[in-house]
Amino acid sequence: MPIKKPPSTKQPSPLSRIGLTTPAALVLHLPIRYEDETQLEDISTAVAKGLFSAIQTQGSVISSQVVFRPRRQLLVRIADDNGELNLRFINFYPSQQKQMSVGVHLRVRGEIKLGYSGPEMIHPTVIVIAPDSPLPQQLTPIYSTISGLGQGTLRKAIGKGLKEPEIVNFLMEIFPKEVLLHAKYPMLKNLPSLDSAIRILHNPTADVDKNALLDRTHMAWRRVQLEELLAQQISLQRAHSERQKRLAPQIEIKSSGVIDQFLKNLPFELTQAQRRVCQEISVDLRQKFPMNRLLQGDVGSGKTVVAALAAIAAIESGYQVALMAPTEILAEQHFQKFSPWFNELGIEITWLTGSLKAKEKRLAQQHISSGKAKIAIGTHALIQEAVLFKNLGLAIIDEQHRFGVRQRLQLHSQNDGEKTFAHQLMMTATPIPRTLAMTHYADLDMSVIDELPPGRKPILTKLIKKSRRIEVIQGIRSELEKGRQAYWVCPLIEESETLQLQTAVETFENLSQELHEYRVGLVHGRLSAEEKSGTMNDFKSGKLQILVATTVIEVGVDVPNATLMVIEHAERFGYSQLHQLRGRVGRGAEQSLCLLMYSEPLSNAAKERLQTLRETNDGFVIAERDLALRGPGELLGSRQSGDTMLRFVDLQRDTWLIEAAKLIAQNIILRYPDLAQAHLQRWLGSREELIKA
Ligand code: ADP
Ligand code: MG
């Protein structure tokens with residue numbers, strides 16, 4: 001019988017588990033922060049200063065005991081000439097207990113809290129030390145790490161990496177010095193070489209400007225930030241020009257009979273801004289290479305008509321169009337909007353979503369692949385394998401940030417035969433702040449609808465305490481009496497979907513009673529697509545006057561007669577959610593009102609959020625606040641899931657550097673394409689594929 005080998009018990013080392021397998025990887029693993037251990041306070045000063053911020057002090061152990069109150073824990077008390085301090089350890093090893101025995105001198109670092117028996121530090125950093133041992137002269141770097149890999153080990157490994165001979169080569173200047181300069185940004189003259197920047201960051205010397213190092217404005221940081229930004233800019237700008245080598249159908253938006261007819265059928269005139277972005281899109285569509293354009297426009301700004309115009313142009317030129325939305329509700333809204341428009345023009349529309357029956361789905365797929373369907377509207381189902389377009393010319397993607405990069409890409413290359421690529425028009429109601437547009441979105445061309453259709457009155461937003469619910473109900477009643485309609489958005493309960501559902505059902509029942517003279521509907525995420533659209537249609541046609549909803553109505557829903565929105569527990573929602581929700585009203589000519597109902601106590605952040613929402617309707621202002629608060633992650637969505645390229649750049653703080661990097665990168669690509677490649681290799685290694693997508 002063959003002897004089975006026992007499975008290997010060898011674990012990968014902690015260093016390799018975080019990818020630090022080469023000296024190069026080690027030296028580029030830069031500190032995430034620094035600790036200032038250069039200052040020492042005596043105990044009484046520490047107690048006075050150390051609340052809520054880390055502080056360092058020292059003293060001799062005067063007592064050390066294990067107590068049970070209620071859990072087993074170690075209490076150590078240290079003292080110096082004028083003060084005493086408790087150290088509390090809830091988890092500890094016997095060796096630690098031994099180490100901190102009476103008489104030993106300890107240097108400790110942590111935040112001070114007021115405990116039952118006076119001031120204390122919980123789980124401070126502790127070293128055993130001679131009372132007169134000198135303080136470190138420099139800041140102590142702290143690295144991101146994983147359990148099982150201590151700071152000390154990591155520091156040593158990086159120190160060793162820095163001494164490897166190959167590192168000198170690795171950190172060599174790639175570009176001639178003058179390339180990193182720009183007349184508009186004189187600060188760049190002070191940048192150190194990459195090699196010395198990296199060494200300063202790992203081992204700051206005593207004379208380094210501590211504050212600049214801590215807040216990452218030190219020139220050594222600036223150098224690293226510029227390197228990162230250049231890698232990103234080069235990579236995105238190259239992706240942009242790679243795209244120009246691909247082939248796409250050339251589409252003319254001429255004022256053909258069909259387009260004129262469409263415009264004539266509309267009950268309104270296009271706004272100046274809508275006409276401008278149509279122009280921008282038509283220039284792109286006429287090119288031989290695929291468009292990659294993001295159409296931004298605040299909620300209600302009228303992106304759909306623009307999309308329809310582009311679609312008609314593509315269809316007129318003999319190509320098919322796909323319109324993809326992230327949810328069934330939203331896809332259905334588009335379908336309902338497009339159907340009358342396109343039926344009138346004799347254009348065949350196909351509807352394709354996951355909830356269709358197998359037979360209907362097959363039929364839809366057939367229409368798409370035979371070319372019978374001129375435009376296919378739907379959800380993710382449009383990018384499933386079985387869907388093959390005969391000749392896709394334009395892909396329109398609504399709320400693009402809700403799709404992953406790869407999903408959008410699939411639609412891109414869906415063409416039968418794949419000889420040409422479809423033009424892509426993405427749409428978003430979440431404005432992209434300028435710095436984000438310049439960095440993570442630099443491969444996209446941008447069009448902005450910065451004007452609302454005429455006659456819109458800005459939505460009035462009011463904050464109201466939950467205890468005044470009766471007045472809110474009165475408000476709804478008086479609005480409904482005028483023949484208007486209202487939304488009631490149920491609180492977000494992140495921890496439990498079941499609870500959220502339950503709350504929605506209860507709200508529905510309560511409102512049905514309180515406003516029994518009106519008809520109330522309910523939509524939430526657990527309903528089938530059919531049930532959802534049934535209710536939505538009833539609301540749209542006016543059969544229902546009040547729609548109770550969870551955040552499923554966050555995007556796209558368009559009922560101009562709805563003029564009142566109540567958002568319950570508004571303090572639980574984020575900036576962009578509130579803004580999107582509010583955008584469901586204010587879509588007609590009547591004055592609309594949004595009531596943000598909140599419960600006390602409010603956190604400072606929530607208070608600021610609600611006040612901002614009350615003060616402004618401007619999506620860009622709101623997006624900037626959001627960016628400042630939460631960083632780019634949320635806004636980016638799945639665009640670059642987690643793997644953010646800019647680890648050391650802060651989009652708010654480093655705006656000038658981003659602008660400089662953009663210009664420098666253009667110059668590099670033009671004059672030193674080979675060096676650009678070397679730079680990408682150093683900073684991205686294999687990560688570049690991700691960005692290209
Ligand atoms: P969004 O940009 O949020 O997708 P929509 O395209 O749904 O906005 O448009 C919002 C509403 O405004 C729709 O009812 C639409 O018919 C209407 N609308 C669009 N453009 C105009 C315009 N130029 N004048 C008047 N109403 C318009
Ligand atoms: Mg829309």
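First listed ligand is number 1; within each ligand, the first listed atom is number 1.
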Check your understanding: Judging by distance only, is a nitrogen or oxygen of Pro453 under 3.5 angstrom from one on ligand 1?
Key -> no

Review point. Nearest to atom 17 (C) of ligand 1 by heavy atom, Arg456, Arg587, Gln580: which?
Key: Arg456

Point to revise | Atom indices of ligand 1, in the order listed, that fall short of 4.0 Å to a heavy atom of Glu269 | key: 22 (C), 23 (N), 24 (N)

**Study point:** Per-atom contacts, ligand 1 versus Lys337 - under 4.0 Å to a heavy atom
**Key:** 13 (C), 14 (O), 15 (C), 16 (O)

Exercise for review: Just do the side chain to side chain donor-acceptor pair (under 3.5 Å) check on His569 and Glu571 with the steps written out, would you?
Suggested key: CA-CA 5 Å; His569 277 293; Glu571 76 277 7; 2.7 Å; yes

Study note, to complete from the structure: Note: ligand 1 atoms sitting under 4.0 Å from heavy atoms of Thr271 are 23 (N)

Point to revise | Interfacing atoms of ligand 1 (cut-off 4.0 Å, heavy-atom, Thr304) | key: 4 (O), 5 (P), 6 (O), 7 (O)

Exercise for review: Report yes or no: does Gln333 have a heavy atom closer than 4.0 Å to ligand 1?
Suggested key: no

Check your understanding: Does Ser541 have any side chain to side chain contact (heavy atoms under 4.5 Å, CB included) partners at least two apart in sequence or in another chain, and if so, which?
Key -> Lys543

Exercise for review: Would you please indicate yes or no on a ring centroid separation below 6.0 angstrom for Phe389 and Tyr319?
Suggested key: no

Check your understanding: Is the closest heavy-atom distance from Ser301 to ligand 1 below 4.0 Å?
Key -> yes

**Study point:** Part of Met427 within contact of ligand 1 (heavy atoms, under 4.0 Å)
**Key:** neither

**Study point:** Phe342 and Phe338 aromatic ring geometry - parallel, tilted or perpendicular at 30°/60° bounds
**Key:** perpendicular

Practice item. Verify the distance criterion only: is there a donor paired with an acceptor across the side chains of Asp298 and His579 at less than 3.5 Å? Key: yes

Exercise for review: To the nearest 0.5 Å, tell me how far Glu590 CD sits from Glu479 CD.
Suggested key: 8.5 Å

**Study point:** Side-chain H-bond candidate by donor/acceptor type, Thr550 with Gln500, under 3.5 Å
**Key:** no

Practice item. Using a 4.0 Å heavy-atom threshold (strictly under), name the region of Leu270 that reaches ligand 1: side chain, backbone, both or neither. Key: backbone

